[in-house]
Number of protein chains: 2
Amino acid sequence: MQSGERRTTLADVAAEAGVSVALASIVIRGAAGAGAATRERVLEVAQRLGYQPDSRARLLRSVRTRLLGVVFDVRHPFHTDLLTGLYDAAGAVGYELTLSAVTPRRDERTAIGGLLQDRCEALILFSPRSRTADLAALAARLPVVAMMRTVRQRAVDVVRTDDTRGSELAVDHLVDLGHRRIVHIDGGALPGAAERRRGYQDAMRRHDLGDLIRVIPGGSGEDDGARAAERLLPDPPTAVTVFNDLSATGLLDVLRGHGHPVPGGGGQRFHGGVSVVGYDDSSFSRLAHINLTTVAQDVAALAAGAVRRAVARIEGTDVEHREVVIEPRLIIRGTSGPAVPG
Amino acid sequence: MQSGERRTTLADVAAEAGVSVALASIVIRGAAGAGAATRERVLEVAQRLGYQPDSRARLLRSVRTRLLGVVFDVRHPFHTDLLTGLYDAAGAVGYELTLSAVTPRRDERTAIGGLLQDRCEALILFSPRSRTADLAALAARLPVVAMMRTVRQRAVDVVRTDDTRGSELAVDHLVDLGHRRIVHIDGGALPGAAERRRGYQDAMRRHDLGDLIRVIPGGSGEDDGARAAERLLPDPPTAVTVFNDLSATGLLDVLRGHGHPVPGGGGQRFHGGVSVVGYDDSSFSRLAHINLTTVAQDVAALAAGAVRRAVARIEGTDVEHREVVIEPRLIIRGTSGPAVPG
DNA sequence: ATGAAAGCGCTAACAC
DNA sequence: GTGTTAGCGCTTTCAT
């Protein structure tokens, strides 16, 4: 079908337009230094011949690739949201993105390796699971921005949400509603879990509720939340903050199954029973069925921060702080309501 | 930090190992034609110098890039599932993937343009929204595989699920459970909607239920399902097949809000009331809170089919049919149960 | 088994 | 403004 014919090169365009390749290059790139008439003619020929620049050759020759490598995980819905913001932010400063996915059978190492061969100028890693030492080694080769986690290594930049603050927002909200017995369902050693736990503890103490601090082991899955709920059932608190949304739905489901009031569907607000606040604002938490009060990360700010930081490192700009910390915000939906006495 | 030092090239490795660049290339590529001792030495040097091949130069020189371009939409969770399968399938036949995302502010045209410059050998498009004419023009340049939609154009290959069959599976299941008054909530002009509608109608007629065929306008969102539910309330059927899972949850929520029995949480099976079957097996449909009976697409088969077809076109193998149609399967969860008389 | 030379398609310096 | 000359880092003949 498209077998024989060699694809159109810049040389073809130049020949057809009767100019040198270099001049044609200038026109195609939109660079200065070509006459208006020439410009028009070359463009017309390129159009007519269906010319497409060859990024490999272009990138090979250019000193700068203006390419940002991004590693994301297909299992994390939030990562694709972030991708949207990243394309916006990168485009705004004239950079391109090359994507490399982590899947259940394609690990982070492989994903990073691919980008290294593509000669990206910097790497932006979503929730990287690599060891700090590996990240440090990588950062010795090119600028590395780790997102959604902390990295205690001076060579690696970090852009993340203030998770401690996120949990505080959740607790403050519940205290405002009159809750005192507030339990935290933990995320163990998962990224962000320590910060979220600490935010809960800090806020409880700040509200003089230090004596009521109670942390139940949990995790990132629905099962983890369900198990935590079982442990809560004998002596349920009036409110719960959960490590993430998925765990929160598991918890909600068990509470509901045991006759505890459930979140109001259809946007209704919840009254009485156990209030639940999740974390992440995962897409499903918006569903009328779930309607979960949760803590949201600021996607646009995270993306913009990461690109700004990557570009600063590439272009050698001095940066103030190694960590860029973005403020979270509370999304109040149906699973949190006033505490009822008794 | 990583400023001054030029990165290690194959020439550096060759010089250090005391061989020619050509020979070093052979070793690095793992090609035949190098002595065992040489091979070991070159590899050791490459390792020590932290050599990384430059994919741009490599691809530029090679006749074949063995690169498959993939366009996916960040808004569609199913697309990331498919990505996983595609990496597996491509890796198995020695091809690489280059990804290009469609986002709310990055259209399909742009996404495709990027891949064209990357000199992919074929394009795999997830649920492409481009007009048939544009796809045909593209297919004149390189092999194009459209997934999850039909394209009535001989130059474009298609790999999709048999959506008609999917709806039939749903109806068969409901009829098995004793349902007769089964309504279909439609997807209008959305991709796949016509097939799903037809499958519903065919199956109803096959079960001699042609007189009970009832199609309600719907859509792809939760709201669409909710609106459809409102229309159903005055005279509810015993079962519903819905265009997709999101719409189905919207519908379920309204039915529940009006006192109709709701799906059993925690994996319980549903008894009596309105049975609901969704479509897509979206990740949230697995949640205990939702626990939706639905029709699943076979991710692995779709991915394998797309890669096999792309590679066949690239390598000039003859193919039997232009369309590769994959069999869907029914996932029975909690929102479908026996019809109760009366 | 190894090396020399050519060149993939393009951009960057430098001439004119 | 425009053309000429050199490569970018690699793979690929073709010698040896």
Side-chain angles (χ1 to χ4, degrees), chain A residues 5-43 45-46 49-67 94 96 114 116-121 141, chain B residues 5-43 45-46 49-67 94 96 114 116-121 141:
Chain A
E5 344 90 24
R6 196 180 43 74
R7 61 182 310 144
T8 312
T9 72
L10 192 52
D12 300 329
V13 174
E16 177 77 12
V19 295
S20 72
V21 183
L23 189 49
S25 170
I26 286 174
V27 173
I28 294 295
R29 278 178 290 147
T38 312
R39 176 154 263 133
E40 193 173 344
R41 185 155 34 91
V42 170
L43 253 22
V45 172
L49 266 46
Y51 170 72
Q52 279 277 358
D54 188 322
S55 69
R56 302 166 304 176
R58 192 202 281 266
L59 263 32
L60 180 59
R61 193 56 180 93
S62 316
V63 183
R64 300 280 316 271
T65 64
R66 300 192 77 86
L67 231 49
E96 302 270 305
L116 252 24
Q117 302 196 176
D118 287 345
R119 294 300 186 259
C120 299
E121 298 194 57
R141 305 175 60 116
Chain B
E5 343 89 25
R6 196 178 45 73
R7 59 184 311 142
T8 312
T9 72
L10 192 52
D12 300 329
V13 174
E16 178 78 12
V19 295
S20 72
V21 185
L23 190 49
S25 170
I26 286 174
V27 173
I28 293 295
R29 277 178 291 145
T38 311
R39 174 154 265 132
E40 192 173 344
R41 185 156 34 91
V42 170
L43 254 20
V45 171
L49 267 45
Y51 170 71
Q52 280 277 359
D54 188 324
S55 69
R56 301 167 304 176
R58 193 203 281 270
L59 263 31
L60 179 59
R61 193 58 179 90
S62 318
V63 184
R64 300 280 317 270
T65 63
R66 301 191 78 88
L67 231 49
E96 303 270 304
L116 251 24
Q117 303 196 175
D118 287 345
R119 293 300 184 259
C120 299
E121 299 193 58
R141 306 176 60 117

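Note on B/R29: a base of the nucleic acid sits closer than 4.0 angstrom, heavy atoms only. As judged by a 4.0 angstrom heavy-atom cut-off over every strand, A/G33 is placed among the base-contacting residues. Looking at heavy-atom distances under 4.0 Å, B/A34 makes contact with sugar-phosphate atoms alone, never a base.
Distances from the side chain of B/T38 to the nucleotides C/dT2, D/dC10, D/dT2 place C/dT2 closest. Comparing atom distances between the B/A57 side chain and each of D/dG3, D/dG9, C/dC10 picks out D/dG9 as nearest. Residue A/L60 places its side chain closer to D/dG9 than to any other of C/dG3, D/dC10, D/dG9. When distances run from any side-chain atom of B/S62 to the nucleotides C/dC8, D/dT11, D/dT2, the shortest one goes to D/dT11.
Distance CD1 (B/I28) to P (D/dG9): 15 Å, rounded to an integer number of Å. In this structure, B/R58 atom CZ and D/dC8 atom P are separated by 18 Å, rounded to whole Å. Rounded to an integer number of Å, the gap from CD1 of B/I26 to C1' of D/dA15 is 13 Å. The distance between atom CD of A/Q52 and atom P of C/dC8, rounded to the nearest whole Å, is 20 Å. Distance, A/L10 CG to C/dC8 C1': 14 Å, rounded to whole Å. Going from atom CZ of A/R39 over to atom C1' of D/dT2 covers 13 Å, rounded to whole Å. In this structure, A/L116 places its CG atom 15 Å from P of D/dG9, rounding to the nearest Å. In this structure, the CG atom of B/D12 is 9 Å from the P atom of D/dG9, given to the nearest Å.
Put simply, A/T9 has no side-chain N or O that comes within less than 4.0 Å of OP1 or OP2 on C/dG9. Contact between the side-chain N/O atoms of B/R61 and the OP1/OP2 oxygens of C/dG9 is not found at any separation under 4.0 Å. A close approach under 4.0 Å does not occur between any side-chain nitrogen or oxygen of A/S20 and OP1 or OP2 of D/dT2.
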**OP:** Begin with the C-alpha distance, continue with both residues' side-chain angles, and end with the deciding distance and a verdict on side-chain contact (heavy atoms from CB on, under 4.5 Å) for A/Y51 and A/L10.
**Re:** CA-CA 7 Å; A/Y51 170 72; A/L10 192 52; 3.8 Å; yes

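At a cut-off of 3.5 Å, with distance as the only test, a side-chain donor of A/S25 or A/R29 sits close to an acceptor on the other residue.
The existence of a salt bridge linking A/D54 and B/R119 is confirmed by a sub-4.0 Å separation between a basic side-chain nitrogen and an acidic carboxylate oxygen. A salt bridge is defined here as a Lys NZ or Arg NE, NH1 or NH2 lying under 4.0 Å from an Asp or Glu carboxylate O, and B/E121 with B/R66 fails to meet this definition.
Looking only at side-chain heavy atoms (C-beta outward), B/T65 and A/R56 come within less than 4.5 Å of each other.
Between A/D54 and B/G35, it is B/G35 whose nearest contact on DNA chain C lies nearer the 5' terminus. If you find the closest nucleotide of DNA chain D to B/L23 and to B/R56, the one lying nearer the 5' end belongs to B/R56.
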